[in-house]
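Quick notes on the structure that follows.
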Amino acid sequence: MTGFDVITVDGPAAAGKSTVASLLASRLGWRHLDTGATYRAVAAAALKKGIQSDDTQGLSQLVASLRLDILDEQTGSRILADGEDVTDLIRTPEVSRASSPVSAVPAVRERLVALQRELARNRNTVAEGRDLGTVVFPDAVVKIYLTAGAEERARRRYKDFQAQNKDISYEKVLSEIQERDQRDSTRAHSPLRPAEDAHVINTDTLTPEDIAEQIVHLYHDRCVRA
Ligand code: DC
């Protein structure tokens, strides 16, 4: 174990993890680690090389040699795959679609979990993803699991896509979110589920600021008790 603290924020797609984790990281002055971006970057690299998202062997070979760099900049972090900045590309519907099957490949998870642990080794970190409280950081000081109804999450994701001028209907966004939930929570390797010691927070009616505040309190309570 290191002397640095990790707070994990897990939950399904569009539950508000990124907004909450980024607010929380800036309130605490900690690093914000978006682990979903690492899976998306592998999916983007696979699409570029024409590797199908069900080609386990091809993806295993790709991830063994792919270089991923995360640059923390004032405006947010950038992610580079083999030197190419894929920060914007990884948010497209095509990459979103490919990222779920890609993230179910054990060799991809092994490589990315090692990278995620390495990134949190020398800084206090707010890490968001699916399996952070259960697998990646089982000793995290505070574990959060955010939930929200599928319709509310689809509305949020649809708004993001509209802001990016992406041509996709609300119904399609909803069905893709439901499909992804199903696949992420039933896969054999590190399925999506709350850690036993996670605080489960429903984000349907709470603002990100309220949630970040609640987590800061949980962290301070935890530190007082330690
Ligand atoms: O959080 P997100 O939508 O950016 O995640 C993209 C995909 O990566 C999603 O299908 C689930 C997967 N993922 C994962 O399996 N484990 C993580 N720790 C983070 C994301």
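Nothing here was measured: the structure is a model prediction, and the numbers come from that model. As the structure lists them, so they are numbered: ligands from 1, and atoms in each ligand from 1.
- At the top of the distance list for atom 4 (O) of ligand 1, counting protein heavy atoms only, stands Arg40 NE, 2.6 Å.
- Taking only nitrogen or oxygen atoms, main chain and side chain alike, Asp131 reaches within less than 3.5 Å of ligand 1.
- Taking atom 12 (C) of ligand 1 as the reference point, the nearest protein heavy-atom neighbour is Ser103 OG, 3.5 Å.
- At least one heavy atom of Arg109 sits less than 4.0 Å from an atom of ligand 1.
- Where the criterion is an N or O separation shorter than 3.5 Å, residue side chain and backbone included, Arg187 meets it with respect to ligand 1.
- With values rounded to the nearest 0.5 angstrom, Thr207 atom OG1 is found 9.5 Å from Glu213 atom CD.
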### Task
Go through the steps for Arg130 and Tyr39 under the test side chain to side chain contact (heavy atoms under 4.5 Å, CB included), then give the verdict.
CA-CA 11 Å; Arg130 301 290 191 288; Tyr39 290 96; over 6 Å; no

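- Here the shortest heavy-atom distance to atom 13 (N) of ligand 1, taken over Arg157, Arg183, His189, Arg130, belongs to Arg130.
- At under 3.5 Å, not a single nitrogen or oxygen of Tyr39, backbone or side chain, sits near a nitrogen or oxygen of ligand 1.
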### Task
Please assess Val136 against Arg117 for the test side chain to side chain contact (heavy atoms under 4.5 Å, CB included), listing each intermediate value before the final yes or no.
CA-CA 7 Å; Val136 188; Arg117 288 183 178 144; 3.9 Å; yes

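- Protein heavy atom closest to atom 19 (C) of ligand 1, with residue, atom name and distance, is Thr35 OG1, 3.4 Å.
- Sorted by first and then second residue, the salt bridge (Lys or Arg N to Asp or Glu O under 4.0 Å) pairs with a member in residues 97-107 read Arg97-Glu176; sequence neighbours excluded.
- Contacts with ligand 1 closer than 4.0 Å are made by no heavy atom of Val136, backbone or side chain.
- Ligand 1 places these atoms under 4.0 Å from at least one heavy atom of Ser99: 6 (C), 7 (C), 10 (O).
- Looking at residues two or more places apart in sequence or on another chain, you find a side-chain contact (heavy atoms from CB on, under 4.5 Å) between Tyr158 and Gln162, Tyr170, Val173.
- Residue Gly129 has at least one heavy-atom neighbour below 4.0 Å for each of these atoms of ligand 1: 18 (N), 19 (C).
- Taking every non-hydrogen atom of Gly36 and a distance limit under 4.0 Å, the qualifying atoms of ligand 1 come out as 4 (O), 5 (O), 19 (C), 20 (C).
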### Query
Taking it one step at a time, do Leu112 and Thr35 satisfy side chain to side chain contact (heavy atoms under 4.5 Å, CB included)?
CA-CA 8 Å; Leu112 294 188; Thr35 64; over 6 Å; no

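- Atom OG1 of Thr134 and atom CG of Leu192 lie 8.5 Å apart (nearest 0.5 Å).
- Between Arg153 and Asp181 the shortest side-chain heavy-atom distance falls below 4.5 Å.
- Distances below 4.0 Å separate heavy atoms of Arg180 from the following atoms of ligand 1: 3 (O), 6 (C), 7 (C), 9 (C), 10 (O).
- Proximity to Ser100 (heavy-atom distance under 4.0 Å) selects the following atoms of ligand 1: 10 (O).
- Aromatic pair Tyr219/Trp30: centroids less than 6.0 angstrom apart.
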